[in-house]
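Here is the structure we will look at, set down as C-alpha cells.
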Amino acid sequence: MITRREMLLASGGIMIAGGTLTSSRAVAAEPKQLVYHSTDPNNAEPKLGDLVKSWITPTKHFYVRSHAPNPVIDPDEFQLKVEGMVNRPSSLSLKSLGRFKPHSTTATLTCAGNRRSEYNKEGKVGGVQWQSGAIGNATWQGIALADVLKQAEVTPDAKHVWFEGLDEIEKGGGIIPFGGSIPIAKAMIGSGAGAPLLANGMNDAPLTPDHGYPLRTLVPGYIGARSVKWLGRIVVSDRPSPNHYVATAYKIVRKTDPIDWAESGPIYRYPINAAICTPQPETKLAAGEIDLTGYVLPTGRPGTTVQKVLVSADQGKRWTEATTVGKDSEFCWQLWNAKVNITATTKRLMVRALDSSGGFMPYRVPWNAKGYLQNSWYKLPVQVN
Ligand SMILES: Nc1nc2c(c(=O)[nH]1)N[C@H]1C(S)=C(S)[C@@H](COP(=O)(O)O)O[C@H]1N2
Ligand SMILES: [Mo]
C-alpha cells in the first residue's frame, strides 16, 4: 500500500519536466541488481553481462557512486540557491523550477575511477575498487542549467559554475558537501546533446534517492563527479570551486603531496574507453569461434565520435573490427560485438578503440595515485580448454 505522501516523494513532489514525469508513473523504485562495494554510502556496479543487455541502461543496472549516505530531502521544503556572480541571486522551489522549458537528453555517465582496479597490478590505489561497470547510459529529464543561469543574469567576468550537494561527507574531522565545478562556456550551452541539465528524472521516472533525488546536475561529456547529486546550491564565480572534490580530489597526480595537488588541474573530460563485457571474467571457454560484446565510449568532445573498435585474441598480432550498435553520439556509449577464434594457447582477449579526431586508447596508462582515467587496451585473461 503506497500512501499519497510516498507517491509525492517518489514523483519528485512536483513535475519539473512539463509532463514528462507524471504522478501516475510514480511507483516504488525497482530494486537494484548490482554488486556492492559498500552500502551506506552505496557504491555498486552491475555485472558486466547485465551492463551490455541494452543501449539504455535500466536504472536497476546503473552504477551508484556516493561519498556519504543518501540525504533525506523533503521536496516541499527543497530550495535550490543560485548565488555568486549574478545580478539576480535566487532561491528556487521545485515548483518554480518547473516553469523552465523541459529538456530530455540521452547521455552516458562514467566515473573517473572506472577500471581503477586494473592499476593495482602496478601499485595499490585507494578508493572504490571499480571493475569496468562504473558506467551507464540513461535518458535524463529536467531543465537546462543555462536557462536558470540566464534568468539569474550572470555577470561578464564569470568563468566557472560551482555545484554543491546536500549530502554530508566526513572529511578531515569536519563535515563537507560534495562539490563540483564546470567552466562557464560549458554551463552556458542551453540546447543540444551537450547541454548540462538540472535533472529530476532518469529513464522517464523520478530520480531515485541513490541517483540524487530530487535534483542533480547532469553534465554530458564530463566525468561523473561533475554531475552533482542532491543539488542544493549553484555558485557562479571567476574561479573553480574550492570544494575538496574539485580543488584536491579528481586530479591526476603521481604522489599526494599538497604541492602535487596544487600544481595539477581538475579533471573535466574522460578519454575514449572500451571494455569487453561478455564473456565475463573467469568464464571457461571452449576453443573455436566465440562472440565478444562490450561497450565503447567516445571522449565527450563536441564533434568527436567513435571510429573503430578492434579486438584481438593473439596479443595484438591481428585485429578484427567489431560492429557497433546504438546511436553514434559524442555523449553516449555504443555497444559492440565481434567474433574471434580462440585456441588452447589463447591467453587473453583485448579491445581498443579509435576516434574520429585521432584519439585512441593507449597500450598502457601511466599509474596515478588515485587511479583515475584508466583507458588502456582492455585485457581479459581467458582459460580455454
Ligand atoms: N552530492 C554528490 N554528488 C555526486 C557524488 C556524491 O558522492 N555526492 N558522486 C559523484 C560521482 S564521483 C559520480 S561518478 C556520480 C555517480 O552518479 P550515480 O551514482 O548516479 O551513478 O555522481 C557524482 N555526484
Ligand atoms: Mo566518480
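Fair warning: this is a prediction, and the values are worked out from it, not measured in the lab. When a ligand or atom number is given, it counts from 1 through the structure's own listing order.
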Are there any N/O pairs under 3.5 Å between ligand 1 and the protein, and if so, what are their distances?
unit_1   : atom_1 : unit_2 : atom_2 : d
ligand 1 : 1 (N)  : D167   : OD1    : 3.2
ligand 1 : 1 (N)  : D167   : OD2    : 3.0
ligand 1 : 1 (N)  : K229   : O      : 2.9
ligand 1 : 3 (N)  : K229   : N      : 2.9
ligand 1 : 7 (O)  : H67    : N      : 2.8
ligand 1 : 7 (O)  : H67    : ND1    : 2.7
ligand 1 : 8 (N)  : D167   : OD2    : 2.6
ligand 1 : 9 (N)  : R65    : O      : 3.2
ligand 1 : 17 (O) : R216   : NH2    : 3.2
ligand 1 : 19 (O) : R65    : N      : 3.0
ligand 1 : 19 (O) : K229   : NZ     : 2.6
ligand 1 : 20 (O) : H211   : ND1    : 2.6
ligand 1 : 20 (O) : R216   : NH1    : 2.7
ligand 1 : 21 (O) : Y63    : O      : 2.8
ligand 1 : 24 (N) : S227   : O      : 2.9

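The minimum heavy-atom distance between T324 and V309, with the atom names listed, is CG2-CG2, 3.8 Å. Contact record, V246 with R226: CG2-NH1, 3.9 Å, taken as the closest heavy-atom pair.
Within the structure, side chain to side chain donor-acceptor pair (under 3.5 Å) pairs that include any residue of residues 159-178 comprise E164-R233 (at least two apart or interchain). Sorted by first then second residue, the salt bridge (charged side-chain N to carboxylate O under 4.0 Å, His left out) pairs that include residues 353-366, not counting sequence neighbours, are E122-R364.
Every residue was checked against the side chain to side chain donor-acceptor pair (under 3.5 Å) condition with T299, not counting sequence neighbours, and none meets it.
Taking a cutoff of 4.0 Å between a charged side-chain nitrogen and a carboxylate oxygen, D50 and K53 qualify as a salt bridge.
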